[in-house]
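Heads up: the structure comes next, in structure tokens.
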2 protein chains.
Amino acid sequence: MTAIKESSTRNENKEIAINACPVSYVMNKIGGHWKPIILYQLMSGPKRYNELNKAIPNITEKMLIQHLKQLQEDDLVIRKSEPVVPPHVTYKLSKTGESLTPVMEAIATWGFKFIDKN
Amino acid sequence: MTAIKESSTRNENKEIAINACPVSYVMNKIGGHWKPIILYQLMSGPKRYNELNKAIPNITEKMLIQHLKQLQEDDLVIRKSEPVVPPHVTYKLSKTGESLTPVMEAIATWGFKFIDKN
DNA sequence: ACAAGTACTTACCCTAAAGTATGTATCTAT
DNA sequence: ATAGATACATACTTTAGGGTAAGTACTTGT
């Protein structure tokens, strides 16, 4: 699962950055390549693992579970597993995750305006 | 200036991601380590290069100019240089950059709430 | 017996982004 | 003459994140 090295200049700088800028803190949570896309998908309702995999073009399974795990650790996403075979696992937004919706929408709105400008 | 390789799987995936999620598009513009922090600093008014350097803890000069350049290319920041010695250069938000303020504030607000939860 | 379906896991590799360190130009003041 | 101030530039190294490919577990249907 690609362990994260805690004691590097890079991560120390991140810590400091959080103090300097709350926006940076959020970016570290929902920023990056895939997380916003996953959250975006889950905003339209709970989805199974496979559904997410199909809905998000070109994401690898490794990236998908890796980020789903991180999102769970950050209490943004809830995993629900039915003890059946074949497995049936659904992911959905937590309350906190849902509280992100207006933020995501604000960003998306701005994004659309900006895309038009080019 | 670390040229960007256009034709890689990674960047192709990014392109696709943009179509799948407008939020992702914005993240590619203002996401990352330092850009939100730089923008945050400039929201309180224009600043000189040196001021930014001092205001942002632990940023390297390389990162600072690199991102300032990218922000200029994305028309988020305007550079103004007075032809004097020693140089006097100020950076400020463009109209588009200023239009980000509510978005940044929404993110920041959410961030503060979320920090309290831990 | 084995293929299929679902949700992962794991090992290895590659690259873009970030860090480190040093150098440059130009004029002013001492 | 040389040090100081300001705003960069550039070469080299490191690392975190992402990509590729293959394997695992467990049961049902044929």
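Owing to the predicted nature of the structure, the values given are computational and were not obtained by experimental measurement. Each chain gets a letter, A, B and so on, in the order its sequence line appears, and its residues count up from 1.
- Looking at heavy-atom distances under 4.0 Å, A:Ile65 makes contact with a base.
- In the helix from C:dA1-D:dT30 to C:dT30-D:dA1, the terminal helix axes, each the rotation mapping four pairs' C1' atoms onto the next four within five end pairs, subtend 30°, rounded to 10°.
- Taking side-chain N and O atoms only, A:Lys69 has a distance below 4.0 Å to OP1 or OP2 of C:dT9.
- Atom NE2 of A:His33 is separated from atom P of D:dA16 by 18 Å (rounded to the nearest Å).
- Rounded to a whole Å, the CG atom of A:Asn28 is 11 Å from the P atom of C:dA18.
- The side chain of A:Trp34 approaches D:dG19 more closely than any other nucleotide in the set D:dG19, D:dA7, C:dA7.
- Contact record, A:Met104 with A:Pro36: CE-O, 3.5 Å, taken as the closest heavy-atom pair.
- For B:Asn50, the listed nucleotide lying nearest its side chain is D:dA7; candidates were D:dG19, C:dA7, D:dA7.
- When all heavy atoms are compared, the tightest approach of A:Tyr91 to A:Val77 is CD2-CG1, 3.9 Å.
- The nearest whole Å value for the distance from the CD atom in B:Glu61 to the P atom in D:dA11 is 17 Å.
- At a threshold of 4.5 Å between side-chain heavy atoms, the hydrophobic network of Ile, Leu, Val, Met, Phe, Trp and Tyr places B:Ile78 and B:Tyr40 in two separate groups.
- With rounding to whole Å, B:Lys35 atom NZ is found 13 Å from C:dA18 atom C1'.
- Taking 4.5 Å as the limit, some side-chain heavy atom of A:Leu42 sits within range of a side-chain heavy atom of A:Leu52.
- Between D:dA7 and B:Arg48, a contact under 4.0 Å exists linking OP1 or OP2 to a side-chain N or O.
- Atom pair A:Met63:CE and C:dT9:P shows a separation of 13 Å (rounding to whole Å applied).
- D:dG17 atom P lies 17 Å from atom CG of A:Leu64, rounded to whole Å.
- Residue A:Asp74 comes nearest to B:Phe114 through the heavy atom pair O-CZ, 3.0 Å, listed as atom of the first residue, atom of the second, then distance.
- B:Arg79 places a side-chain heavy atom less than 4.5 Å from the side chain of B:Val89.
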Problem set entry | Worked check of side chain to side chain contact (heavy atoms under 4.5 Å, CB included) between A:Asn53 and A:Arg48 | CA-CA 9 Å; A:Asn53 201 10; A:Arg48 294 184 64 173; over 6 Å; no
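- Set against C:dG19, D:dG18, C:dC8, the side chain of A:His67 has D:dG18 as its closest nucleotide.
- For B:Lys62 and C:dT22, the shortest distance from a side-chain N or O to OP1 or OP2 is not below 4.0 Å.
- The closest side-chain heavy-atom distance from A:Ile38 to A:Leu68 is below 4.5 Å.
- With distances taken from any side-chain atom of B:Tyr49 to the nucleotides D:dA7, C:dC8, D:dG18, the minimum falls on D:dA7.
- Residues of residues 85-94 of chain B that place a heavy atom closer than 4.0 Å to DNA chain D, in numerical order, are B:Pro86, B:Pro87, B:His88, B:Val89, B:Tyr91.
- Scanning both residues, A:Ser99 and B:Trp110, for their nearest heavy atoms gives OG-NE1, 2.9 Å.
- Whole-Å rounding puts the B:Gln66 CD to D:dT10 P distance at 13 Å.
- Under the 3.5 Å distance criterion, with hydrogens and angles disregarded, a donor-acceptor pair is assigned to the side chains of B:Gln70 and B:Lys35.
- B:Leu68 has its CG atom 14 Å from the P atom of C:dA18, to the nearest Å.
- Within the structure, every side-chain polar atom (N or O) of B:Arg79 is placed at least 4.0 Å from both OP1 and OP2 of D:dA7.
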